[in-house]
Peer 1: 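Got a structure for you, written out below as structure tokens; questions coming shortly.
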Amino acid sequence: MSVPKVPWRRMVARTSAVLATLAVLAATGLAGAVPAQAEPTAPTVTWAVQPANPLGPDGRRWVERTLDPGEVVTEHLAVRNFSDAPVVFSLQAADGYLTDKGRFNMLPSHQSSVDGGTWITVRDTVSVGAKSTRVVPFTIEAPADASPGDHPAGIAATVTSTGGTVAVESRVGFRVMLRASGTAVAAIRVDDLTATHHRSWNPFSPGSLRIRYTAVNDGNVAVTGAGRATVGDLFGLLDTEGPAEVEELLPGGDRPAEAYVRGVWGWGRLTATVTLTPDILVGDPTDAEIRPTTATVTVWSMPWPQVALLLVIVALVLAWRAVVRGRRRRLARLLARARDEGRQEARTSA
């Protein structure tokens, strides 16, 4: 049975069409069950939200305020509509948090705030004309029983678009770093400290130690951390060190961290020590309580490349000694034979 030949250009065209169809089906599956019907094209909405004063944006990246319990202050935000049509934006405030990648975000609208987000009161909506900016005031009230330290929040302008049965909420906003007056405590705890030695198979080159741990903010203010990772090798006779750093942590938050220490030979017992000093991210740290932390873990590593090299050297030495001894024995036998032959010749001559 012969198979008809298909020109390669037609085959490529058919393959491209199939791949395009599969891509559309995959995108539809990720978006959910959407009716197969054409949706009207909505005008593109672009906007920005910035901290402001009553006259307009004031150049701040976010709002930072320190309040006494029960104190009320007024702030402003500016909503800038870059679109070609007026837009009604929903305004929302919510508790702030850091994502797994360390980016600041605020709780979605279906989750209730319990901390800094509840301190902020802002109007529900604002209408902004095309290519225009509106300044909106909002109030911040610290509860009478507010605990000292940071209470992160965010505030955003939201647009909700619907396509079939799916509603997409788009938000643009900024963080509001709220701090209740009192003693600021900066503390980082090190949990789950582990270390792994990565040896170099070149016996004349040291390896490295990879140190992993979880950094936990045990204080009441947002901090970063910096310090040193030290490795004691050969039962403490050799010490090497490297930098240890922790990115931003909000109060009660945690994130994985790691440090590399190079130049570690791995002569048996290795003692890895991580020392961190927290640094307050926002505000004046003059009167803050700074609590450095230290954690230690012990691992064992055998210097197999060096052991192998030592065995090779020992084997070569033993082989050389065996060769030398063999030569000496052969020389002794030759000398003994020569003496015996000389004596025999002397007897024959006599």
Peer 1: Find out whether V49 and F174 are in side-chain contact, i.e. whether some heavy atom of one side chain is under 4.5 Å from a heavy atom of the other.
Peer 2: yes

Peer 1: Could you walk me through whether R210 and Y260 pass the side chain to side chain contact (heavy atoms under 4.5 Å, CB included) test, one step at a time?
Peer 2: CA-CA 5 Å; R210 184 181 187 182; Y260 284 91; 3.0 Å; yes

Peer 1: Starting from L281, can I reach V185 by hopping between I/L/V/M/F/W/Y residues whose side chains sit under 4.5 Å apart?
Peer 2: no

Peer 1: Just to verify, which of T121, V122, T74, V176 counts as forming a side chain to side chain contact (heavy atoms under 4.5 Å, CB included) with I140?
Peer 2: V176

Peer 1: Please round to the nearest 0.5 Å and tell me the distance separating atom CG of L178 and atom CG of D95.
Peer 2: 10.0 Å

Peer 1: Tell me, with the steps shown, if V114 and T118 meet side chain to side chain contact (heavy atoms under 4.5 Å, CB included).
Peer 2: CA-CA 6 Å; V114 296; T118 64; 5.6 Å; no

Peer 1: Quick one: do R228 and E245 satisfy salt bridge (charged side-chain N to carboxylate O under 4.0 Å, His left out)? Show the steps, please.
Peer 2: CA-CA 8 Å; R228 307 295 295 175; E245 297 180 352; over 6 Å; no

Peer 1: Please answer whether the main-chain N or O of V88 pairs with a side-chain N or O of S127 as donor and acceptor at a distance below 3.5 Å.
Peer 2: no

Peer 1: Check the side chains of S181 and D68 for a donor-acceptor pair under 3.5 angstrom, ignoring hydrogens and angles.
Peer 2: yes

Peer 1: Checking the side chain of N53 only, and the main-chain atoms of G56 only, is there a donor and an acceptor separated by less than 3.5 Å?
Peer 2: yes

Peer 1: Within the side chain of N220, is there an N or O that forms a donor-acceptor pair under 3.5 Å with the backbone of T183?
Peer 2: yes

Peer 1: Answer yes if I120 and V172 sit in the same cluster of Ile, Leu, Val, Met, Phe, Trp and Tyr residues linked by side chain heavy atoms under 4.5 Å apart, and no otherwise.
Peer 2: yes

Peer 1: Look up atom OG1 in T230 and atom CD1 in I211, then write down how far apart they are to the nearest 0.5 Å.
Peer 2: 8.0 Å

Peer 1: Please name the pair of heavy atoms, one in G263 and one in T240, separated by the smallest distance, quoted to 0.1 Å.
Peer 2: O-CG2, 3.4 Å

Peer 1: Under a 4.5 Å cut-off applied to non-hydrogen side-chain atoms, are V126 and V128 in contact?
Peer 2: yes

Peer 1: If you define the side chain from C-beta out and look only at heavy atoms, does anything of Q92 sit under 4.5 Å from S109?
Peer 2: yes

Peer 1: Begin with the C-alpha distance, continue with both residues' side-chain angles, and end with the deciding distance and a verdict on ring-ring contact (aromatic ring centres under 6.0 Å, His included) for W47 and F82.
Peer 2: CA-CA 5 Å; W47 72 102; F82 303 112; 9.5 Å; no

Peer 1: Are any of the side-chain nitrogens in R60 or E75 under 4.0 Å away from the carboxylate oxygens of its partner?
Peer 2: yes

Peer 1: I'd like to know if E345 and R339 make a salt bridge, using a cut-off of under 4.0 Å between side-chain N and carboxylate O.
Peer 2: no

Peer 1: What's the verdict on side chain to side chain contact (heavy atoms under 4.5 Å, CB included) for T296 and T271, showing C-alpha distance, side-chain angles and the deciding distance?
Peer 2: CA-CA 7 Å; T296 301; T271 303; 3.4 Å; yes

Peer 1: Would a hydrophobic clustering, with Ile, Leu, Val, Met, Phe, Trp and Tyr connected at side-chain separations under 4.5 Å, put V299 with V190?
Peer 2: yes

Peer 1: Closer than 3.5 angstrom, by distance alone: can the side chain of N81 be matched with the main-chain N or O of A85 as a donor-acceptor pair?
Peer 2: yes

Peer 1: Might you point out which heavy atoms bring D233 and W267 nearest each other, and give the distance in Å?
Peer 2: OD1-N, 2.9 Å

Peer 1: Tell me the closest heavy-atom pair linking H197 and G207, and the distance in Å.
Peer 2: NE2-CA, 4.2 Å

Peer 1: Which value, rounded to the nearest 0.5 Å, describes the distance between T298 atom OG1 and R269 atom CZ?
Peer 2: 4.5 Å

Peer 1: Looking at every heavy atom in both R291 and P278, which two are closest together, and how far apart are they?
Peer 2: O-CD, 3.5 Å

Peer 1: Against L276, only a single residue in V223, T224, T294, T293 fulfils side chain to side chain contact (heavy atoms under 4.5 Å, CB included); can you say which?
Peer 2: T293

Peer 1: Rounded at 0.5 Å granularity, tell me how far NZ in K131 sits from OG1 in T133.
Peer 2: 11.5 Å

Peer 1: So do the side chains of D239 and V231 get within less than 4.5 Å of each other, counting heavy atoms only?
Peer 2: no

Peer 1: Is it the case that atom CG in D100 sees more than 12 heavy atoms from other parts of the structure closer than 6.0 Å?
Peer 2: no

Peer 1: Tell me whether M106 is reachable from L77 by hopping between hydrophobic residues (I, L, V, M, F, W, Y) whose side-chain heavy atoms are closer than 4.5 Å.
Peer 2: no

Peer 1: So do the side chains of E258 and Y213 get within less than 4.5 Å of each other, counting heavy atoms only?
Peer 2: no

Peer 1: Of all residues at least two apart in sequence or in a different chain, which pass the salt bridge (charged side-chain N to carboxylate O under 4.0 Å, His left out) check with D192?
Peer 2: none

Peer 1: State whether the number of non-hydrogen atoms from other residues, nucleotides or ligands found under 6.0 Å of R212 atom CZ is greater than 12.
Peer 2: no

Peer 1: Which is it for E248 and R175 under the salt bridge (charged side-chain N to carboxylate O under 4.0 Å, His left out) test, yes or no, and what are the steps along the way?
Peer 2: CA-CA 14 Å; E248 181 183 2; R175 71 166 74 185; 3.0 Å; yes

Peer 1: Would you compute the distance between atom CG of D84 and atom OG1 of T44 and round it to the nearest 0.5 angstrom?
Peer 2: 9.0 Å

Peer 1: Between D150 and A222, is there a donor-acceptor pair closer than 3.5 Å when you use the side chain of the first and the backbone of the second?
Peer 2: yes

Peer 1: For M177 and R65, what are the C-alpha separation, side-chain angles and deciding distance, and is it a side chain to side chain contact (heavy atoms under 4.5 Å, CB included)?
Peer 2: CA-CA 6 Å; M177 294 299 292; R65 297 300 296 254; over 6 Å; no

Peer 1: Side-chain contact, heavy-atom cut-off 4.5 Å: N105 with R171?
Peer 2: yes

Peer 1: Could you check if a side-chain atom of R255 sits within less than 4.5 angstrom of a side-chain atom of T214, using non-hydrogen atoms only?
Peer 2: no

Peer 1: Is it possible for you to say whether V136 and V87 belong to one hydrophobic cluster, with membership spreading through side-chain heavy-atom contacts below 4.5 Å?
Peer 2: yes

Peer 1: Taking atom CD1 of I155 and atom CZ of F138, what is their separation to the nearest 0.5 Å?
Peer 2: 4.5 Å

Peer 1: Ignoring hydrogens and geometry, is there a side-chain-to-backbone donor-acceptor pair from S132 to A130 under 3.5 Å?
Peer 2: yes

Peer 1: Closest approach of V261 and A229, non-hydrogen atoms and distance?
Peer 2: CG2-O, 3.5 Å

Peer 1: Near E247 CD, under 6.0 Å, is it more than 12 heavy atoms from other residues, nucleotides or ligands?
Peer 2: no

Peer 1: Which atoms form the tightest heavy-atom contact between P51 and D58, and what is the distance?
Peer 2: O-OD1, 3.1 Å

Peer 1: So do V264 and L270 actually touch side chain to side chain, heavy atoms under 4.5 Å?
Peer 2: yes

